[in-house]
Student: 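Quick one: the structure is below, and I'll ask about it shortly.
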Amino acid sequence: MTAEARTAVVTGASSGIGAATARALAAAGYHVVLTARRKDRIEALAAELPNAEAYALDVTDRAAVDAFAADLGRHPSVDVLVNNAGGALGAEPVATGDPADWRTMYEVNVLGVLHMTQALLPALTASGDGTVVVLSSTAGHGTYEGGGGYVAAKHGAHVIAETLRLELCGEPVRVIEVAPGMVKTDEFATTRFRGDTDKAAKVYAGVDQPLSAEDVADTIAWAITRPSHVNVDLLVVRPRAQASNSKVHRTG
Ligand code: 8X3
């Protein structure tokens with residue numbers, strides 16, 4: 001690691017948008033700390049990047065998050081936190097959704113963001129030029145049938161970003177929310193449908209180019225690399241074929 005490199009922490013960096021964001025920030029010159037539960041995956045990706053390290057972490061485990069924050073003290077500064085870890089479980093209507101799924105989604109999408117942000121905020125502020133990114137979703141800005149606990153949790157993530165921006169006004173920390181719409185990644189829909197790849201494929205069926213993880217990572221890296229006084233409050237990004245959560249153009 002070079003003495004000048006600024007440090008960026010990315011959660012959920014083992015796949016999808018998190019992995020692509022780690023790559024994009026490494027390309028932008030950051031020393032990237034990749035975190036995720038799956039240690040083998042982040043170690044493999046960190047080894048590919050010019051200036052990166054891996055730290056196995058479950059963002060829902062507050063004690064582990066605090067230990068991670070203490071370990072980050074090895075770095076000259078902590079400049080960027082990308083709260084990417086999250087995901088959906090189930091697409092049942094509210095009437096029949098499993099409360100256990102709702103709880104799990106709240107833990108990772110909302111409390112995970114809270115844990116990481118609380119634990120790293122002192123260092124981000126001390127850097128004199130910190131950035132917190134919250135990866136919410138268009139599911140955090142509007143609802144849809146079957147959105148259920150995911151929509152509820154992502155609204156929570158959005159509210160953290162909005163509230164934090166108000167509370168940090170005057171501090172040298174930007175709060176950026178990136179809210180992607182339909183993104184085709186290896187795991188999002190398959191996880192949501194508990195491994196049912198047919199159901200997962202239907203999410204993207206006939207859609208001309210859903211966003212890729214790289215498309216979203218590009219917007220995240222762009223927002224982060226604006227000059228320090230430029231705060232991209234909220235960046236909503238969807239594929240051209242998707243006009244709203246419930247209006248998607250499909251062919252065939
Ligand atoms: C993913 C977008 O439409 O599947 O965050 O909820 S959606």
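Read the numbers this way: they start at 1 and go in the same order the structure lists the ligands and their atoms. Remember, it's a predicted structure, so these values are computed and weren't measured experimentally. Note that these values count all heavy atoms, side chains included, but never hydrogens, waters or copies made by symmetry.
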Student: Quick one: look up the protein heavy atom nearest atom 7 (S) of ligand 1 and list residue, atom name and how far away it is.
Tutor: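 Among all protein heavy atoms, the one nearest atom 7 (S) of ligand 1 is Y144 OH, 3.5 Å.
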Student: Short question: side chain of N109, backbone of M105 - any donor-acceptor pair under 3.5 Å?
Tutor: yes
Student: Is any side-chain heavy atom of R174 closer than 4.5 Å to one of R226?
Tutor: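 They are in contact (side-chain heavy atoms under 4.5 Å apart), so the answer is yes.
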Student: For R238, give me all partners under salt bridge (Lys or Arg N to Asp or Glu O under 4.0 Å), at least two apart in sequence or on another chain.
Tutor: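 R238: no salt bridge (Lys or Arg N to Asp or Glu O under 4.0 Å) contacts found.
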Student: Only heavy atoms of A139, strictly under 4.0 Å: list the atoms of ligand 1 that pass.
Tutor: 6 (O)
Student: Strictly by modelled atom types, are D129 and S127 linked by a side-chain donor-acceptor pair under 3.5 Å?
Tutor: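 D129 vs S127: no donor-acceptor pair found between side chains.
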Student: Please identify each residue that fulfils ring pair (Phe, Tyr, Trp, His ring centres under 6.0 Å) with F68, with sequence neighbours left out.
Tutor: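 Only Y55 meet the ring pair (Phe, Tyr, Trp, His ring centres under 6.0 Å) criterion with F68.
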Student: What atoms of ligand 1 come within less than 4.0 Å of a heavy atom belonging to G181?
Tutor: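 Checking each atom against G181, I get 1 (C), 2 (C).
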Student: Using distance alone, determine whether Q242 and ligand 1 share an N or O pair under 3.5 Å.
Tutor: no
Student: Within ligand 1, which atoms have a heavy atom of S137 less than 4.0 Å away?
Tutor: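 Taking each heavy atom of S137 in turn, ligand 1 has 1 (C), 2 (C), 5 (O) under 4.0 Å.
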Student: Does the N or O separation between T138 and ligand 1 drop below 3.5 Å for any pair?
Tutor: no
Student: Find out whether H141 and E177 are in side-chain contact, i.e. whether some heavy atom of one side chain is under 4.5 Å from a heavy atom of the other.
Tutor: yes
Student: Counting only nitrogen or oxygen atoms and a 3.5 angstrom limit, does S136 reach ligand 1?
Tutor: no
